[in-house]
J.: 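Below are the structure tokens for one structure; questions will follow.
This one's a predicted model, so the numbers in the text were calculated from it and none came from an experiment.
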Amino acid sequence: MKTLFLIGGTMGVGKTTACRILKRKLPACVFLDGDWCWDMNPFSVTEETKAMVMENIRFLLNQFLRCSEFENVVFCWVMHRQEILDGILSGLSLDGCRVCAVSLICEEEELTKRLRKDVEAGLREADVIGRSAARIGLYEKLSTIKVDVTHLTPGETAEGILAAAGMKE
């Protein structure tokens, strides 16, 4: 049986870093970051681009789920609303697959510290701090397993995801 990990969390919480570690820990694993399906310049959020991104994500996830080479599929994206999760899942062929949906949550002070580091390194724009902090509370409302990463390293976060999924390395 395959496992599909859906890892959500606000910007800067550590999704991508933890998922890269998770990919190395799990056997026969492939990783997709939803941001890769949305990487455009100029960044344009319209109904058309949102629909395109969702279609791209579902297409790629379905390809990975169908491929016999993979036992584990790891996907991360902001996914701050239940309809985003439901929209992704509704377009997937999940026969023979279990889904583990996890939201990474973090205290605002720690999130701000992480994002400031990224801003100072030129990896993000300063406005991400307020936008990300505003989404923190939205994750509590989702039908997902919550993993508080406030005091966790990326490696510990990956271990927390595995524990939440009932899997140990």
J.: Just wondering, more than 12 heavy atoms not from Glu48 lying within 6.0 Å of its CD?
T.: no
J.: For Thr10, does its backbone N or O pair with a side-chain atom of Ser132 as donor and acceptor, under 3.5 Å?
T.: no
J.: Answer whether the closest heavy-atom distance between the side chains of Met79 and Thr144 falls below 4.5 Å.
T.: no
J.: Less than 4.5 Å apart, any side-chain heavy atom of Thr157 and any of Thr17?
T.: no
J.: Determine whether Leu138 and Val147 fall in the same hydrophobic cluster, where Ile, Leu, Val, Met, Phe, Trp and Tyr are linked whenever their side-chain heavy atoms lie under 4.5 Å apart.
T.: no
J.: If you compare all heavy atoms of Lys146 against all heavy atoms of Tyr139, which two are closest, and at what distance to 0.1 Å?
T.: CE-O, 2.7 Å
J.: What I want to find out is whether Glu55 reaches Arg58 closely enough, with some N-O distance under 4.0 Å, to be called a salt bridge.
T.: no
J.: Does a salt bridge link Glu120 with Lys117, judged by any charged N lying under 4.0 Å from a carboxylate O?
T.: no
J.: Under 4.0 Å between a side-chain nitrogen and a carboxylate oxygen: does that hold for Lys113 and Glu109?
T.: no
J.: Answer yes or no: does atom CG of Asp95 have more than 12 heavy-atom neighbours from other residues, nucleotides or ligands under 6.0 Å?
T.: no
J.: Restricting to non-hydrogen atoms, name the atom on Gly12 and the atom on Leu115 that form the minimum distance, rounded to 0.1 Å.
T.: CA-CD2, 3.6 Å
J.: My understanding is that only one of Phe70, Phe59, Phe31 makes a side-chain contact (heavy atoms from CB on, under 4.5 Å) with Phe64; could you say which?
T.: Phe70
